[in-house]
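The structure appears right after this line, and notes come after that.
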Amino acid sequence: MGEPTQENLPSTPPSPMIISPKTDTGLGHTYLRTPDRNKVYDRVNPNVGIFDEQVLALVFRRLNWDPQTLCSASCTSRRMRAVAERILFFELCLSRAPRLVSSLVVVPNGSQPSGVVGSSPRIPGGWGAVAKLLLFCCGCVPSKFFSLPDVTKGHFTPVSRFSKTSGKSFLVRRCWGDKLYVSDPCEHASPAGEDEDLGVYRGVFGGFMQSRTRACLIGKNVQLEVRIRCPYCGARVWSMTAAGLVPKSASRRLGTHEDSLEYFVCVNGHLHGSCWLARLSDEGSDGDSDHGDDDHAGDETVAW
């Protein structure tokens with residue numbers, strides 16, 4: 001062709017080569033432009049870098065699954081919250097209450113959940129709600145069957161004990177086969193004008209969708225509350241007082257009068273309630289005599 005001259009040079013410099021998606025360069029490789037490459041990689045493995053589930057699990061395990069740090073991290077982005085809801089909150093629950101978690105999920109041969117990253121079992125309401133229930137007292141708001149001068153705010157609880165024996169006290173006789181864990185009441189100072197302290201308790205059903213309690217609520221056509229929501233998962237709730245499903249054993253367990261307590265159960269199986277606790281009581285601890293069983297093997301103490 002000869003040497004290029006001024007006359008046969010192009011008037012404008014050539015534009016840089018743009019390799020379109022799925023373009024073969026002739027070297028046996030297919031390249032993608034940067035935006036397309038990122039999209040493809042995100043679809044293949046969205047959890048890369050700091051969002052890698054293995055990395056996050058190691059970081060929070062090193063922090064001993066600190067709940068406040070985990071909650072703050074889950075608020076940073078949608079992707080972080082998705083990883084927390086799917087994996088990290090389950091690991092938090094498993095580290096704080098392994099026996100309770102084993103009861104909430106269906107585990108073959110009675111073995112404990114493995115806790116392997118990426119294999120957390122599903123549960124109604126999500127593990128974030130269970131983690132909040134284990135570590136947070138929801139406080140109390142006035143309701144139809146429980147008058148209160150003002151709203152009592154919620155707070156983190158350093159130590160809580162959840163008992164399956166206590167849970168049985170909150171079930172009517174025909175529902176004793178259900179699996180329910182209920183915490184000891186969290187005592188709040190007496191509001192102005194009240195002679196008794198306020199007690200706030202919470203709990204969670206195992207296998208609530210197949211429970212007799214849920215079947216009773218649906219069979220009796222109990223209406224869901226309009227103004228009250230579950231403080232842990234935001235779902236709608238049934239008032240067990242309105243449903244007539246509050247047994248006398250619940251009052252004896254709490255050490256209060258029968259008309260001085262109320263509790264709710266949400267459609268996902270989370271329980272929360274309140275009662276008036278007498279400062280001094282001369283009643284004995286015969287609250288479980290109706291059950292003929294006071295086995296505390298399933299109790300779980302949650303602390304952080």
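The first residue in the sequence is number 1, and the count goes up from there.
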Roughly how far apart are [X] [atom1] and [Y] [atom2], rounded to 0.5 Å?
X    : Y    : atom1 : atom2 : result
R173 : S249 : CZ    : OG    : 9.0 Å
C216 : R174 : SG    : CZ    : 4.5 Å
S274 : L254 : OG    : CG    : 10.0 Å
C93  : L88  : SG    : CG    : 11.0 Å
E300 : K164 : CD    : NZ    : 11.0 Å
C71  : F136 : SG    : CZ    : 10.0 Å

Can you check whether [X] reaches [Y] side chain to side chain, under 4.5 Å on heavy atoms?
X    : Y    : answer
H188 : L277 : no
F146 : T241 : no
L171 : R212 : no
F162 : L133 : yes
H155 : C186 : yes

Problem set entry | Geometric class of the F170/Y263 ring pair [parallel <30°, tilted 30-60°, perpendicular >60°] |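 Geometry flag for F170 against Y263: perpendicular rings.
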Exercise. Parallel, tilted or perpendicular: which fits the ring planes of H270 and Y232, with parallel below 30° and perpendicular above 60°?
Worked result: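 Rings of H270 and Y232: perpendicular, as their planes differ by over 60°.
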Exercise. Taking W238 for the side chain and A243 for the main chain, is one N or O donor matched with an acceptor at less than 3.5 Å?
Worked result: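 No.
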Problem set entry | Main-chain N/O of K168 paired with R253 side-chain donor or acceptor, under 3.5 Å |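 Side chain of R253 to backbone of K168, a donor-acceptor pair under 3.5 Å: no, none is there.
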Hey, any chance [X] and [Y] share a hydrophobic cluster, counting ILVMFWY side chains that come within less than 4.5 Å of each other, even indirectly?
X    : Y    : answer
L92  : L94  : yes
L135 : V204 : yes
F156 : V302 : yes
M80  : W127 : yes
L224 : M240 : yes

For this session: Might you confirm whether atom NZ of K220 has over 12 heavy atoms from other residues, nucleotides or ligands at distances under 6.0 Å?
Result: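 More than 12 within 6.0 Å, yes.
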Problem set entry | Greater than 12 external heavy atoms within 6.0 Å of H257's NE2 |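 At most 12 heavy atoms, drawn from other residues, nucleotides or ligands, come within 6.0 Å of this atom.
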Exercise. Without hydrogens or angle criteria, can the side chains of R202 and T157 be said to hold a donor-acceptor pair below 3.5 Å?
Worked result: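 Distance-only check passes for R202 and T157.
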